[in-house]
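In what follows, chains carry the letters A, B, and so on, assigned in the order in which the sequence lines appear, proteins first and then strands, with residues in each chain numbered from 1.
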Protein chains: 2
Amino acid sequence: MAARAGVSPATVSRFLRGQRVRSYEAIQTAIDELGYWPSAAAQSLKSGRTNTIGVVVPDITNPYFAAVVKGMESVTRTEPYRILLANSDESSEQEDDVLADLVRRVDGIILAPATEQDETPLHVRDADVPLVFVDRDLAGGERFDAVLVDNDGGGRQAAEHLLALGHTRVAAISGSLDTTPGRLRREGFVSTLAKAGVEVPPEYDLVGDFKEHSGYQLTLSLLSLPEPPTAVFAANNLMTLGALKALHDMRIDIPGQISLIGFDDLDTGPLLRPPLTVVDRPMFEQGVLAMRLLLRRLDPDDGGGMASRVVLDTKLIERASTAPPGGHPSPARTRKTRSR
Amino acid sequence: MAARAGVSPATVSRFLRGQRVRSYEAIQTAIDELGYWPSAAAQSLKSGRTNTIGVVVPDITNPYFAAVVKGMESVTRTEPYRILLANSDESSEQEDDVLADLVRRVDGIILAPATEQDETPLHVRDADVPLVFVDRDLAGGERFDAVLVDNDGGGRQAAEHLLALGHTRVAAISGSLDTTPGRLRREGFVSTLAKAGVEVPPEYDLVGDFKEHSGYQLTLSLLSLPEPPTAVFAANNLMTLGALKALHDMRIDIPGQISLIGFDDLDTGPLLRPPLTVVDRPMFEQGVLAMRLLLRRLDPDDGGGMASRVVLDTKLIERASTAPPGGHPSPARTRKTRSR
DNA sequence: CTGAAAGCGCTTACAG
DNA sequence: CTGAAAGCGCTTACAG
């Protein structure tokens, strides 16, 4: 390339970074003719930066994580950074594998850990790779930046809503209790009920894995009880869909026989049979905030200050899938939908 | 690192690639103590390979593309490759920008082009970066590998379904006609109707951009006509959701007043009000096939043979959102749902 | 089996 | 303003 333009590589390099150069015409011509692009690998080797951010989420087909990733990308779009994306599929092993590889390739990592107990992510920083948690925290992760939501408060909102409707036979189908959201949503829900004198018996207190299938299965097992609950709280969007499918399949009237409340809104939430009552939270915005925190850490001027721990609020969206127990099913159309 | 173990870098390198080495104990110890990982940048510079695949889709929050990307990742998981993900947001400019950057960073690219007319992707191969199209083709892209679906056939299936139900006032809300799927779905639909003697007048033949908002707006404009259609074909999942929302908002009975048929199934498809009749197609599988094609191109043993052009079939899934025109609205529960 | 050396393609402090 | 040179951290053919 330099030869083609009749100059030294140093001069080409200077031209590319916008310095004034005598032979800029010859260089530009050579660039155009050769379709020349500087090698990212060589630049990385020299600079020690890859301009790449690793993002590891449990499942990109979960609309929540898709929105979070899109939020991240909206930030990197105007920056020189690109996103290296990986799924952990809710598995610590896959997460560890992919982190080991990413650490060599990226300037920083945003992670939604598969479990709270995994130690591996804590070692990522040993490799001098800044780490930000999104959606989920890690036991011992307080030293790291994180963007979370008030899962405990969200569980409380769900419980208060069901209590206000008069439910006393209330079930929870939780995500893995090894995860921050799985544990805290359940705790917020169960403890709020307990304070109101409503106990959740073991057979109503079921634990799954945040996947649709477990929402489906756990709901079926609730329905097979001699005395099924009158209301069900599902721990995330996919489990809620699974629960909804199970209720449909078993021809259960919602909310006539059973009320259903979910965590995380869905694009289709208002269009479902019935429209879903959910605890909603920011998605796109969480991604934006997490990426901003990380880029700040990558800024050479960053003082390396204390970890930023952002906790966002949840919000109840009442639709038609919840109603007083045994109450007459209220047709969706006549019920006032509160929506954003 | 090499110094720490008291050997040369060459020996460390040999150890890492599994060759027999005398001082393997000292090396392993040094690796463990230092948390040493070989630099990906240096390896890339040396080998000329990045072990990274660039994936550019219009919108990762579209469940179709999320599933396609997950399919791709299921292939790379067992390979040394990682995925660099970018959204074009249906914009050629953003696509061009990101491609220019990716070309320097990746070994190959899988692209769902924002328009058929863009020339830029054709130049990607000038940089010796293999390119595979997924979901959408490019004018002049025949020389490239591609994994597509039979969009024309899908449009035909939709038309035949509505014809069989007896519809004659039929509307299409299409995606951008600058894209393969936008153009071909409309053509297959309109031409099949025409052969049966059903013309789609201009006011029923509307064009949007594959986003939910355009589905919403175009459906509203159909409803404002003096004589609205009795059936609507929406060009993708997001436009179908937009159409559904518009019909709900205007209190239109589906399928009593208007039948709605979409392209692309949704996870929530069977749970919607009413359950949606759609033209379905493989999603995950498309991603798998596209990634396999690309990895084959990257195989040094690949003969560089002809372009592989894979075209997958679509399949009609009849649910409750379509019925004969003016027919009595059939309650979802009593209608037999044909599902996968 | 092992080390010295060259080279991948950049960038930048140093001389000119 | 410009070039020669060094160096980023690997890998590999070459000698030993």
- Message: Can you tell whether the side chains of Arg77(B) and Glu93(A) come within less than 4.0 Å, N to carboxylate O?
- Response: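 The answer is no: the pair does not qualify as a salt bridge.
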
- Query: If you measure from the Lys or Arg side-chain nitrogens to the Asp or Glu carboxylate oxygens, is any gap between Arg183(B) and Asp137(B) under 4.0 Å?
  - Reply: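 Asp137(B) and Arg183(B): not salt-bridged.
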
Take atom [atom1] of [X] and atom [atom2] of [N], then tell me their distance rounded to the nearest Å.
| X | N | atom1 | atom2 | value |
| --- | --- | --- | --- | --- |
| Arg17(A) | dC1(D) | CZ | P | 16 Å |
| Ile27(B) | dC1(C) | CD1 | C1' | 11 Å |
| Arg49(A) | dT12(C) | CZ | P | 13 Å |
| Gln19(B) | dT2(C) | CD | P | 10 Å |
| Leu16(B) | dT11(D) | CG | C1' | 11 Å |
| Arg4(B) | dG9(D) | CZ | C1' | 18 Å |

Measuring from the side chain of [X] (C-beta onward, heavy atoms only), which nucleotide among [options] has the closest atom?
| X | options | result |
| --- | --- | --- |
| Pro38(B) | dG3(C), dC10(D), dC8(D) | dC10(D) |
| Ala42(A) | dG9(C), dT12(C), dC10(D) | dG9(C) |
| Ala10(A) | dC10(D), dT12(C), dT2(C) | dT12(C) |

Touch class at under 4.0 angstrom, heavy-atom based, for [X] against every strand present:
| X | value |
| --- | --- |
| Arg20(B) | sugar-phosphate |
| Tyr36(B) | sugar-phosphate |
| Val12(B) | nothing |

- Looking just at side-chain N and O atoms, do Ser176(B) and Asp209(B) make a donor-acceptor pair shorter than 3.5 Å?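 Note: Ser176(B) and Asp209(B) side chains miss the donor-acceptor criterion.
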
- Thr120(A) side chain to Asp118(A) side chain, donor-acceptor N/O pair below 3.5 angstrom: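 Checked: Thr120(A)/Asp118(A) side chains pair up, N/O donor to acceptor below 3.5 Å.
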
- Message: Tell me whether the side-chain N or O atoms of Arg104(A) pair up with the base of dG9(D) as donor and acceptor below 3.5 Å, since no angle test is needed here.
- Response: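 No pair found.
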
- Query: With both distances under 3.5 Å as the test, what is the Watson-Crick or G-U wobble partner of dC14(D)?
  - Reply: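 Across all strands, the one nucleotide that pairs with dC14(D) is dG3(C).
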
- Task: Pick the C1' atom in dT12(D) and in dG16(D), then give their distance to the nearest Å.
- Result: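 It comes out at 16 Å once rounded to the nearest Å.
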
Can a side chain N or O of [X] be found less than 4.0 Å away from OP1 or OP2 on [N]?
| X | N | value |
| --- | --- | --- |
| Ser39(B) | dC10(D) | no |
| Gln43(A) | dT11(C) | yes |
| Ser13(B) | dC10(D) | no |

- Message: Are there over 12 heavy-atom neighbours, none belonging to Tyr24(A), within less than 6.0 Å of that residue's OH?
- Response: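 No, because the 6.0 Å sphere around OH of Tyr24(A) holds 12 heavy atoms or fewer from other groups.
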
- 5' priority, DNA chain C, between Leu45(B) and Arg14(B) [closest heavy atom]: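 Closest to the 5' end, via its nearest nucleotide, is Arg14(B).
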
- Message: Quick check: on DNA chain C, is the nucleotide nearest Ser23(B) upstream (toward 5') of the one nearest Pro9(A), or the reverse? Name the residue that is more 5'.
- Response: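 So the residue in question is Ser23(B).
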
